[in-house]
Each structure stands twice: as C-alpha cells, then as structure tokens.
Amino acid sequence: MIKFRLTCFLLAFSALVIAQENVLSKEEAVAKALEGNFGIEIAKNEIDIAKNNAGILNSGYLPTLTGTAGANYNNLNSTTEYPGQFEESGEPRADIVIDDAESQTYSSAVQLNYTLFDGLGRLYNYKKLKEQYRLSELQARETIENTMLQLFSVYFEVARLTENRNVQMQALEISKQRITRAEYSFEYGQNTKLDILNAQVDVTNDSINLLNTEQQLANAKRDLNVVLNQNLNENFSVDTLINFIPRIKLVEYMEEAMSNNVAILQTEKNLQINEYDIKVSKSGYLPTIGLTGSYGWNLNQSAPSSFLPGQIIPGSNRTSYSLALGASLTWNLFDGGGTTVRVKNAKIAYENQELLKKQVALEVNRDMQNAMAIYENMLKIYRIQEQNVVTNQNNFERSKEQFELGRITSIEFRQAQINLLNAQTNKNLAKYDAKLAELQLLQLTGQLLNVEL
C-alpha cells in the first residue's frame, strides 16, 4: 500500500506540474533562438565585421592626412676668450660671457596623400569586399539553418517524451486499477494472491518507466534551454501537433533548389570573389598615379651669440610657412614576374572554384533525392504506426472486456497493454522522425527559413 500511495502522489504531482507549465510554441522557440542563441549571435557579429570591411572607410578611395609637430629647446652658457689687446687703444680684449642663452625651434606640418589611379586594383578589391560581405550573410544563414535543425531536433525530442510520459501515465493508471480489481476479487475468493502480486509487479515496472521518462524529459528540456540561451531550469511544455507539407509543394521546392540552396549560393559568391582576384592581380600591370600636398609652419627663436671680439649678436625670431603640391607616377615595368604568377594562380583558383561549384551542385541534388526518399519512407512508417495504434487499441479494449469477464488471464491482458504501449511510443517516434526528415529536405531546398512549421 505504501508503494501504491507513493505512485498516486507522483502522478498527482506530475499532473500539477504539467498544468502549471507554459506552452512554448514552435514560433516562440524560433524567435527565442534567433534572438539569444550563441551560435547565431556569433554569426551576426561576423556579418558586422564583413560589413565594416566592405565600407568606404576600408575601400582605399579616401585620402590619407598626416599631421606632424615638433619642438626643440636649447639652453647655452658660453664664454668666449680673446687673447691680446686692441691695436688702437692697447687695452686688453675682454672675454664675452653669455649665460642662459635660450633657443627654441617649433614646427608643424600637414601632409595629404591621395591615390588617383592604381591600375583599377582598388575598384575590384572594393567589389570583392562587397561580395565577401554577401558571402558572410550566406554563412550566417547556414548557421541559422543548422541551429534551426538542432532546435527542432531537441524540441521534437521534448514533444516525443511528453507524449510517451502521457502514455506511460495511462498505463500506470490501468495497472493501478488492476491492483484494486485483484484485491476485490481476492476478498471474494474469485482469484489467488498471485494476481495481486502480478499487478503490483506491473505497477512497479510502470512506475520505473515513468520515472525514467520524466528524467529524460527534464534532460531534454535543459538541452532545449541551452539552444534557446535561457535559464536551464525554465519549465515549459511544447506543442505536439505536427503538420506535414504536401508532397507537390516539396517537389516544387526541389525544382527551385539550385537557386536557393545555401551551399550552392556560397560557391557562386566564391566564384565571383575569385573573378575579382584575377582583376586585382592584373592591376599590377598598370601604373599608379598619386597626388601629394603639404603645408608647414616653422618658428626658430635663436639665442644671442658672440660674433666679433667685444660684440654680442642678439637673438632673433624667424617664422616660415611652406606649401607644396606634387604628383607622382609609378609604373613597375617589370617586377621579376611576380604579377604574372599571381594572375596565373588566380585563374587556376577560379577554375577550381568552378569545379567545386559543379561538385556541390551534384552532391546537393543527390542529397535531395536521398532526403526525399527517406522522408517518404518515414512518412509511410508513421502512417503504418498510426494504423497499428488503432489495431492495438481495439485489441486492448477487447482484451479488457474479456479480462473483466474473467475469460482471459492477467498475463494475457498485460500483454495486450504492453502491445498498445509499444505501438503508441513507436508512433510518436515515427511521427517526429518523419518531421525531422522533412526539415532536412527543406534545408537542402533552401526553404527551411521560409515555410511555416
């Protein structure tokens, strides 16, 4: 009786928890993942980096402006001795002593440099950066698609375990009713103690199965919370309703896959980048024309000095301004063959990218055909499992009637119950496996982020 009461308490507690849980819809799960998933956040930051690289500030089209400034300070103490005497007066020559003779020099300048023409390398490099930015967007899209598959893989696992838990709770309730019936029958002498013991064993097994499913469900919810980047102990229930996309629509998506598949689109962007690499390399054959301009200011404050015996030249201030303009042309007529090698290698890289594009297109087509076949097979299995549940449900109801009339044993009734339980859990597994197969097919067609799930 203690085990029986404990089981009743666990069932009541589980029902209370389920009633208090908030339903996390598929749309809400997607929105939370797009907003908080770490992988998606990193991908968004990578887009921002590529956007900065493709901006005008990184294009090389803007001039460079350099400012310089300097200052020097000197303090001089000097004594100038003149031997002998003046010829006219015969007086001795006096020494000239200069203390704290300060001199300062100040300068500042602004220099402007601008590349007027660099063989079009700057133009094609700028276009290349633009394509790299678009490539980063496609890479981010691929990250988002993979995250969505991961999200729904965990989401559907939570849904499957939720349905399995409900099925096992029903099985446990049926086993509990068997104990009550067996105890009444034993009291009236209609069966033996063995029927009560068999029912108690079944209740114990069903209770253990329910507890294990509850633990697996809690772990799956924590996995989903990680994907959503929210509190690991956040409790919720999920939507177990599944809708499948009509086959005719999937075929239409497959026909448009070559222009929507993210892997193919990335190869096309890489092909465009390689084409610009060729043009950037060819710019080395052309000259570079540059413009320069500078404006400077200088202030020189000189110290007093001795010039002739008995004379001190006072210090002076000198200010000067300078303005310079210039143009330059640089043409590397021969660089040892480096430019030629770079052009040849860029062309080879372009050819390799063309081959890679054909290979990816072939692989995507193969993967789509396989994914479609897998999806249709799993969908058929799901339909069969649905029918199997109906069959086993009818068998269980008939067995229950026969058991209550005493025409079959508890062991036979238990087998019908187990068959129904297995059919229901197999149907749940088949349902979500088929939906995941559909999502994988949608990713290959490039429509995963465009359809309502």
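Worth knowing before you read on, the calculation uses all heavy atoms, side chains too, and leaves out hydrogens, waters and symmetry mates.
The closest side-chain heavy-atom distance from Q369 to M254 is below 4.5 Å. Annotation: side chain of K279 is not in contact with side chain of L120 (no heavy-atom distance under 4.5 Å). In this structure the side chain of I273 reaches within 4.5 angstrom of the side chain of L135, judged on heavy atoms. For the pair L112 and T66, the minimum side-chain heavy-atom distance is 4.5 Å or more. When side chains are defined from C-beta on, I242 counts as touching Y432, because their heavy atoms get closer than 4.5 Å. Residues F236 and Q230 meet the side-chain proximity criterion, which asks for heavy atoms closer than 4.5 Å. By the 4.5 Å heavy-atom criterion applied to side chains, Q443 and L439 are not counted as neighbours. With a 4.5 Å cut-off on side-chain heavy atoms, L34 and V30 count as touching.
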Audit row: Y285, V343, side-chain contact (heavy atoms from CB on, under 4.5 Å) steps and yes/no: CA-CA 10 Å; Y285 291 127; V343 171; 4.1 Å; yes
Steps toward side-chain contact (heavy atoms from CB on, under 4.5 Å) verdict (N395, L420): CA-CA 8 Å; N395 179 64; L420 176 59; over 6 Å; no
side-chain contact (heavy atoms from CB on, under 4.5 Å) between W331 and T288, intermediate numbers included: CA-CA 6 Å; W331 198 335; T288 300; over 6 Å; no
Verdict with supporting geometry, N388 and N392, side chain to side chain donor-acceptor pair (under 3.5 Å): CA-CA 6 Å; N388 191 37; N392 279 277; 2.9 Å; yes
Check against side-chain contact (heavy atoms from CB on, under 4.5 Å), Y276 and K130: CA-CA 11 Å; Y276 287 135; K130 289 291 187 182; over 6 Å; no
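Side chain of S175 to backbone of A171: a donor-acceptor contact under 3.5 angstrom is found. The backbone N or O of A257 sits nowhere less than 3.5 Å from a side-chain atom of N261 that would complete a donor-acceptor pair. The closest donor-acceptor contact from the side chain of R318 to the backbone of N300 lies at 3.5 Å or more, if one exists at all. Judged by distance alone, the side chain of N225 and the main-chain N or O of N231 form a donor-acceptor pair under 3.5 Å. Judged by distance alone, the side chain of N229 and the main-chain N or O of N37 form no donor-acceptor pair under 3.5 Å. In this structure, the side chain of S136 engages the main chain of Y133 through a donor-acceptor pair within 3.5 Å. Proximity of a side-chain donor or acceptor of T115 to a complementary backbone N or O of F117 within less than 3.5 Å is not detected.
A 6.0 Å sphere centred on CZ of F38 holds no more than 12 heavy atoms belonging to other residues, nucleotides or ligands. Few gaps surround NZ on K44; more than 12 heavy atoms of other groups in view lie less than 6.0 Å from it.
When all heavy atoms are compared, the tightest approach of S281 to T339 is O-CG2, 3.4 Å. For the residue pair A33 and M148, the shortest heavy atom distance occurs at CB-CE, 3.8 Å. The two residues D239 and A159 have their closest heavy-atom pair at O-CB, 4.2 Å. Smallest separation of non-hydrogen atoms from T162 and V158: OG1-O, 2.6 Å. Nearest heavy-atom pair, E28 versus L24, reported as atom, atom and distance to 0.1 Å: OE1-CA, 3.7 Å. Between A437 and M378, the shortest heavy-atom contact is CB-SD, 3.8 Å.
Here N352 contributes atom CG and L271 contributes atom CG; the two are 11.0 Å apart, rounded to the nearest 0.5 Å. We find the CE-CG distance between M372 and L444 to be 12.0 Å, quoted to the nearest 0.5 Å. Here CG of L286 is found 10.0 Å from CD1 of I289. Values are rounded to the nearest 0.5 Å. Here L138 contributes atom CG and T143 contributes atom OG1; the two are 11.0 Å apart, rounded to the nearest 0.5 Å. We find the CG-CD distance between N270 and Q132 to be 9.0 Å, quoted to the nearest 0.5 Å. The line from CD of Q111 to OG1 of T64 is 7.5 Å long, rounded to the nearest 0.5 Å.
Under the 6.0 Å distance and 45° angle rule, R247 does not count as a cation-pi partner of Y253.
Salt-bridge check for R160 with E157: passed, with a basic side-chain N closer than 4.0 Å to an acidic carboxylate O. The residues R141 and E137 are annotated as not salt-bridged, no charged nitrogen and carboxylate oxygen being separated by less than 4.0 angstrom. Ion pair E363/R366 not flagged as a salt bridge, since none of the NZ, NE, NH1 or NH2 atoms sits closer than 4.0 Å to an Asp/Glu carboxylate oxygen. Between E354 and K357, none of the side-chain N atoms (NZ, or NE/NH1/NH2) sits under 4.0 Å from a carboxylate O, so this pair counts as no salt bridge. Classification of E438 and K435 as a salt-bridged pair holds, one side-chain N sitting under 4.0 Å from a carboxylate O. Checked for salt-bridge contact, E131 and K269 meet the test: a charged N lies under 4.0 Å from a carboxylate O.
Evaluation of the salt bridge (Lys or Arg N to Asp or Glu O under 4.0 Å) rule for K128 yields D277 as partners, not counting sequence neighbours.
Using bins of under 30°, 30° to 60° and over 60° for the plane-to-plane angle, the ring pair Y375/F244 lands in the tilted bin.
Side-chain contact annotation: Q266 with E142, donor-acceptor N/O pair under 3.5 Å present.
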